[in-house]
Amino acid sequence: MKVLVTGGMGYIGSHTCVQMLQAGLEPIIVDNLCNSKLAVLDRIEALTKVRPIFYQGDVRDQAFLDKVFSEHDIQSVIHFAGLKAVGESVAKPLEYYDNNVNGSLVLARAMRTAGVKSIVFSSSATVYGDPTSVPITEDSPVGATTNPYGRSKYIVECCFSDFYDSQPDWSITLLRYFNPVGAHPSGSMGEDPQGTPNNLMPFIAQVAVGRRDKLSVFGDDYPTPDGTGVRDYIHVMDLADGHIAALNTVGQKSGLHIYNLGTGNGSSVIEMVNAFSEASGKEIAYEICPRRPGDIAECWASTSKAEQDLGWKASRSIMEMTADTWNWQSKNPQGY
Ligand code: NAD
Ligand code: UFG
């Protein structure tokens, strides 16, 4: 099956393409390389012995997308392309809404023109805002988002939901990721943030490899066991497999399908620091700092709906997440 993968050169997209190729699926990648490098294609090829078809271009360019759809018999789309830095979205809201919302609308129009009716969309646990209870089920309230990035994901969910109501023969799958971390176990692919990392795991990895002095731990006065924030970290390889499971099950059935992709377990910042130390044999220097505005105390997923409908369950442990991140970071200290 040929699958258009937007943003397929990025962190989650590239790992998903590797797993797709191993599963006999044919990804056709569209990416404007605004947050990724061409070298990713070589790494995918080295791992899978297949060089995926790649188009450099923007999902907001419908003429470009029309051309890609006309050149291949595409059956489904996985839509990763978008901007994802929460802090940057506060400074550049128009860019975020244009890329994430407008990009999704243009893509949906191009799919309609091409008669392709199956899409899997990268949403986020951020649509739940500050959860009223954990674990978070797919029926938990959504929409109380705290920043333009989160709102852009929520708006796209609303657009796709309204669009589905008008086109009930489509298959639209909204996957709400929790906290993706880790890297390909080979150490040849991983997360390669530009500039200072916003997220915990790449920051810890850069401290371990000597690129940064110490980690700032944002708050130790949350109502959690050790006072630091608790999140549901999920290995990027499990996440990649979750997309394939979605494509193979609900992706073939009309409907508006919504799933959490998480492990169902919460880990604190300090637990992640300790796990990384153990996996890498490096001490991770840190200092306790004030809370980061907009952060929530804790969040983790209810995973039963994905298990039941997709037949998918995350299996990789925190030790694998930290060990694989260290393997990637130590072999590629400056990224790609
Ligand atoms: P990433 O930045 O590594 O990958 C996104 C890719 O999309 C990049 O290669 C970038 O060059 C490309 N891109 C961006 N705008 C584009 C456009 N207009 N046209 C074509 N290509 C474009 O990010 P990621 O971590 O792999 O995230 C993938 C998706 O998952 C994003 O939509 C993100 O919002 C979502 N998500 C990520 C996380 C996370 O923590 N990483 C959590 C929840 C949801
Ligand atoms: N943290 C630190 N120091 C850092 C970075 C993070 O202490 O330098 C803490 C945060 O306060 C939080 C935890 O580590 O308690 C995780 O923070 P991340 O920035 O790694 O992740 P978030 O949960 O804040 O956000 C991530 C993605 C969002 C997504 C959200 C929910 O960045 O895009 O998960 O899926 F919306």
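Order of appearance sets the numbers: ligands from 1, and atoms from 1 within every ligand. Heavy atoms only: backbone and side chains are in, while hydrogens, waters and symmetry mates are out.
When only interatomic distances are considered, the shortest N/O to N/O separation between V30 and ligand 1 does not fall below 3.5 Å. Polar contact check, A81 against ligand 1: no nitrogen or oxygen pair lies under 3.5 Å apart. When only interatomic distances are considered, the shortest N/O to N/O separation between N35 and ligand 1 falls below 3.5 Å. Looking at P180 next to ligand 1, no N or O pair under 3.5 Å apart turns up. For ligand 1, the polar-atom distance check against D31 finds a nitrogen or oxygen pair separated by under 3.5 Å. Checked by distance only, ligand 1 and N199 stay at 3.5 Å or farther apart across all their nitrogen or oxygen atoms. Close N/O approach between C34 and ligand 1 is found [any backbone or side-chain N/O within under 3.5 Å]. Some N or O of Y149 is nearer than 3.5 Å to an N or O of ligand 1, by distance alone.
Proximity of Y149 to ligand 2, defined as any heavy-atom pair under 4.0 Å, is confined to the side chain (atoms from C-beta onward). Here S216 has backbone heavy atoms under 4.0 Å from ligand 2, and that is the only part of it that gets that close. With a 4.0 Å cut-off on non-hydrogen atoms, L33 touches ligand 1 through its backbone and not its side chain. The side chain of L215, and not its backbone, has at least one atom closer than 4.0 Å to an atom of ligand 2 (non-hydrogen atoms only; side chain from C-beta on). If you look at N179 next to ligand 2, the close heavy atoms, those under 4.0 Å, all belong to the side chain. Neither the backbone nor the side chain of A125 comes within contact range of ligand 1; no heavy atom lies under 4.0 Å. Contact annotation: for H79 versus ligand 1, there are no heavy atoms closer than 4.0 Å. Contacts with ligand 2 closer than 4.0 Å are made by heavy atoms of both the backbone and the side chain of T126. Contacts of N99 with ligand 1, taken as heavy-atom pairs under 4.0 Å, involve the side chain alone. Of the heavy atoms in E191, none comes closer than 4.0 Å to ligand 1.
Interface of A125 with ligand 2, defined as ligand atoms under 4.0 Å from a residue heavy atom, comprises 31 (C), 35 (O). Close contacts of ligand 1 with K153, meaning ligand atoms under 4.0 Å from a residue heavy atom, involve 31 (C), 32 (O), 33 (C), 34 (O). Atom numbering of ligand 1 starts at 1 in the shown order; those under 4.0 Å from a heavy atom of G57 are 19 (N), 20 (C). Of all atoms in ligand 1, listed by their number and element, those nearer than 4.0 Å to a heavy atom of S122 are 29 (C), 30 (O), 32 (O), 35 (C). Remark: ligand 2 atoms within the under-4.0 Å shell around heavy atoms of F178 are 35 (O). Those atoms of ligand 1 with a heavy atom of F80 less than 4.0 angstrom away are 28 (C), 29 (C), 31 (C), 32 (O). Interface of N198 with ligand 2, defined as ligand atoms under 4.0 Å from a residue heavy atom, comprises 5 (C), 19 (O). Near S124, meaning under 4.0 Å from any of its heavy atoms, are these atoms of ligand 1: 43 (C), 44 (C). Near V217, with a cut-off below 4.0 Å to any heavy atom, the atoms of ligand 2 are 7 (O). Near M9, the atoms of ligand 1 lying under 4.0 angstrom from a non-hydrogen atom of the residue are 9 (O). Those atoms of ligand 1 that come under 4.0 Å of a heavy atom in R60, given as number and element, are 18 (N). Every atom of ligand 2 with a heavy atom of G229 under 4.0 Å away is listed here by number and element: 15 (O).
Judged by distance alone, the side chains of R43 and N332 do bring a donor and an acceptor atom under 3.5 Å apart. Side-chain polar atoms of D232 and T263 form a donor-acceptor pair below 3.5 angstrom. Residues T228 and D226 have side chains that bring a donor and an acceptor to within less than 3.5 angstrom of each other. No hydrogens or angles considered: nothing links the side chains of E298 and T224 as a donor-acceptor pair under 3.5 Å. Counted by atom type alone, Y96 and E88 present one or more donor-acceptor pairs between their side chains at under 3.5 Å.
Distances shorter than 4.0 angstrom do not occur between any heavy atom of T6 and any atom of ligand 1. Every heavy atom of G8 sits 4.0 Å or more from the atoms of ligand 1. At a 4.0 Å cut-off, at least one heavy atom of Y233 sits close enough to ligand 2 to count as contact.
Side chain of E287 to backbone of V217: no donor-acceptor contact under 3.5 angstrom is found.
Comparing P180, G219, S124 against atom 30 (C) of ligand 2, the shortest heavy-atom distance belongs to S124. Proximity annotation for atom 12 (C) of ligand 2: of M272, R212, R231, E298, R231 comes nearest, heavy atoms only. With distances taken over non-hydrogen atoms, the option nearest atom 25 (O) of ligand 1 out of H15, Q194, K84, M201 is K84.
Protein heavy atom at the shortest distance from atom 9 (C) of ligand 2 is V269 CG2, 3.7 Å. For atom 18 (P) of ligand 2, the closest non-hydrogen atom of the protein is N199 ND2, 3.5 Å. Atom 19 (O) of ligand 2 has as its closest protein heavy atom R292 NH2, 2.8 Å. Closest to atom 11 (O) of ligand 2, if we only count protein heavy atoms, is D295 OD2, 2.6 Å. Here the protein heavy atom with the shortest distance to atom 17 (C) of ligand 1 is N32 ND2, 3.3 Å.
In this structure the side chain of V5 never reaches within 4.5 angstrom of the side chain of T16, judged on heavy atoms.
When the side chains of ILVMFWY residues are joined at heavy-atom separations under 4.5 Å, either directly or via intervening members, M111 and Y164 end up in a single hydrophobic cluster. Hydrophobic clustering (ILVMFWY, side-chain heavy atoms < 4.5 Å, transitive): I258 and V134 are in distinct clusters.
If you look at H243 and Y177, their ring centroids are closer than 6.0 Å. Annotation: W300 is not in aromatic contact with Y233 [ring centroid separation under 6.0 Å not met].
Relative orientation of the Y259 and H257 rings is parallel, given thresholds of 30° and 60° on the angle between their planes. The aromatic rings of Y55 and F64 sit perpendicular, their planes meeting at an angle over 60°, well past the 30° parallel limit.
Heavy atoms from other residues, nucleotides or ligands lying under 6.0 Å from NZ of K92 number 12 at most. For E71, the CD atom counts as densely surrounded, since its 6.0 Å shell holds more than 12 non-hydrogen atoms of other residues, nucleotides or ligands. Shown here is Q308, whose CD atom has no more than 12 heavy atoms of other residues, nucleotides or ligands within 6.0 Å. Annotation for F163: atom CZ counts as buried by contact number, over 12 foreign heavy atoms lying within 6.0 Å.
Of all heavy-atom pairs between K37 and M9, the closest is O-CE, 3.5 Å.
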